[in-house]
Amino acid sequence: MTDKGDIWLITNAGSGSVHEELLATLHETCARAELCIAEHTEFPSDDLPKPEEIARRGIETVLVLGGDGTINAAISALQGWEGAILPLPGGTQNLLTKRLHGDAEVDAVVQAFARGQASRRRPKILRSSKGLALAGLLIGPGTSWNAVREAMRDGDAGAMLSAAGTALDGTTNKPPVRIADPEAGDRDGYPILELVPHAEGMDIAAYHARNGADFVAQTWALLRQEFRDGPHETYGPFDRVVLASTGEEPLDLLLDGEPAHGDARETVTLETCPVDLIATDPGDDA
């Protein structure tokens with residue numbers, strides 16, 4: 001028989017802010033809160049657990065410490081499970097955990113959960129043919145700047161310069177992406193579109209570079225990995241959109257920061273998260 005305080009922990013030591021000290025703090029916080037780490041999966045070296053495997057152990061809660069991509073992988077693997085997942089901020093941007101916990105740190109989130117100051121939610125998410133996006137989906141040639149981000153994370157200056165050159169070339173020379181159905185925005189397309197789910201639908205931020213000043217501003221924003229500071233327009237909310245390459249070439253996607261190769265046209269729908277998530281923020285971002 002399994003104790004109700006038993007949890008299954010999934011961590012990714014390669015995520016943006018996960019380090020030995022944070023892992024040690026998490027273990028100490030769980031111990032103080034009388035949460036027993038019955039199983040520990042170290043992703044991606046270990047395979048993610050399957051719903052039936054967790055159910056067989058009688059565990060009702062999974063804690064996930066990692067970035068948006070790691071949390072996405074865990075939720076995708078546990079679709080349909082009757083338990084609940086507590087995502088913890090362990091990445092660089094932590095966009096999903098901000099929806100659930102605001103700016104609370106790992107120990108504060110775990111303590112709030114242990115005290116019963118949390119609730120189960122199924123927030124709105126995005127689904128494409130290539131998978132789920134819980135925090136957001138990026139699409140277009142501008143997603144090539146993700147390689148620059150990874151090189152910066154690794155501290156590899158040579159790889160960063162090489163990736164920046166490749167990304168700049170791809171952003172300026174590859175066919176842009178447009179909002180095809182419902183038709184919105186510039187028919188000539190954009191270097192990058194950002195789709196973000198929220199309770200009322202999905203919004204699309206369309207980042208552009210229409211003139212010299214725009215191009216300088218957008219390039220500078222991309223170089224700083226803060227493309228959201230670049231010039232853009234916002235459309236929506238939508239329940240469903242079709243995005244298309246203006247050159248009929250396969251589209252590049254980032255699903256919660258993880259790259260995927262798309263088709264020339266991609267349909268994205270707004271859906272409900274396929275498993276319960278645990279939130280400690282009193283807000284209602286469904």
> Passes side-chain contact (heavy atoms from CB on, under 4.5 Å), I179 versus Y235? Steps please.
Replying inline: CA-CA 10 Å; I179 306 169; Y235 302 96; 4.0 Å; yes

> side-chain contact (heavy atoms from CB on, under 4.5 Å) between L253 and L138: does it pass, once the steps are laid out?
Replying inline: CA-CA 6 Å; L253 294 78; L138 298 174; over 6 Å; no

>> side-chain contact (heavy atoms from CB on, under 4.5 Å), that's the test. Do D6 and C36 meet it? Break it down for me.
In response: CA-CA 5 Å; D6 284 358; C36 174; 3.3 Å; yes

> Where do T267 and S129 land on the side-chain contact (heavy atoms from CB on, under 4.5 Å) test, with the steps shown first?
Replying inline: CA-CA 7 Å; T267 299; S129 66; over 6 Å; no

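A donor-acceptor contact under 3.5 angstrom links the side chains of W8 and T41, judged on distance only. The closest side-chain donor-acceptor pair between T29 and Q111, if any, does not fall under 3.5 angstrom.
Under 4.0 Å is where a charged nitrogen must lie from a carboxylate oxygen, and between R122 and D276 at least one such pair does. We find that R99 and D281 are not joined by a salt bridge, their nearest charged nitrogen and carboxylate oxygen being 4.0 Å or further apart. The residues K130 and D263 are annotated as salt-bridged, a charged nitrogen and a carboxylate oxygen being separated by less than 4.0 angstrom. Of the charged side-chain nitrogens involved, at least one lies within less than 4.0 Å of a carboxylate oxygen, so that R57 and E39 count as a salt-bridged pair.
With contacts defined as side-chain heavy-atom distances shorter than 4.5 Å, the pair T280/L100 does not qualify. No side-chain heavy atom of L277 sits less than 4.5 Å from a side-chain heavy atom of R120. Using a 4.5 Å cut-off on side-chain heavy atoms (C-beta onward), K174 and D252 make contact. When side chains are defined from C-beta on, L137 counts as touching S128, because their heavy atoms get closer than 4.5 Å.
Pairing each heavy atom of C30 with each of V110, the nearest pair is SG-CG1, 4.3 Å. Minimum interatomic distance between R240 and P182 (heavy atoms only, all atoms of both residues): O-CD, 3.6 Å. Of all the heavy atoms in V177 and G140, the pair that sits closest is CG1-CA, 3.8 Å. Nearest approach of G262 to P250, heavy atoms of both residues: O-CB, 3.4 Å. Counting all heavy atoms, side chain and backbone alike, G189 lies closest to R178 at CA-CB, 3.9 Å. Nearest approach of E200 to P237, heavy atoms of both residues: O-CB, 3.8 Å.
Atom NE2 of H40 sits about 3.0 Å away from atom OG1 of T11, to the nearest 0.5 Å. Atom CG of residue D203 and atom NE2 of residue H198 lie 3.5 Å apart, to the nearest 0.5 angstrom. In this structure, I204 CD1 and T234 OG1 are separated by 10.0 Å, a value rounded to the nearest 0.5 Å. Taking CG of L26 as the reference point, atom CD1 of I37 lies at 5.5 Å (rounded to 0.5 Å). Rounded to the nearest 0.5 Å, atoms CG (L126) and CG (L195) are 6.0 Å apart. To the nearest 0.5 Å, the span separating CE on M202 from NZ on K124 amounts to 11.0 Å.
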Under 3.5 Å, which donor-acceptor pairs link side chains of residues 63-88 to any protein atom two or more places apart or in another chain?
residue, atom, partner, partner atom, Å
D68, OD1, L95, N, 3.3
D68, OD1, L96, N, 3.0
D68, OD2, L95, N, 3.1
T70, OG1, N12, ND2, 2.9
T70, OG1, S15, OG, 3.4
N72, OD1, S76, OG, 3.0
N72, ND2, L132, O, 2.8
N72, ND2, D256, OD2, 2.7
S76, OG, N72, O, 2.9
Q79, OE1, R127, NH2, 3.3
Q79, NE2, S76, O, 3.1

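Of the possible donor and acceptor atoms, one in the side chain of T246 sits under 3.5 Å from a partner among the backbone N and O of P176. No donor-acceptor pair under 3.5 Å is formed between the side chain of T143 and the backbone N or O of I139. Formation of a donor-acceptor pair under 3.5 Å by the N94 side chain with backbone atoms of G91 is found in this model. Between the side chain of H101 and the main chain of A104, no donor-acceptor pair closer than 3.5 Å is present.
The hydrophobic clustering, which links ILVMFWY residues whose side-chain heavy atoms are closer than 4.5 Å, places V196 and F238 apart.
With a 6.0 Å radius and a threshold of 12 heavy atoms from other residues, nucleotides or ligands, E52 has its CD atom above the threshold. In E105, the CD atom is not crowded: 12 or fewer heavy atoms of neighbouring residues, nucleotides or ligands sit closer than 6.0 Å.
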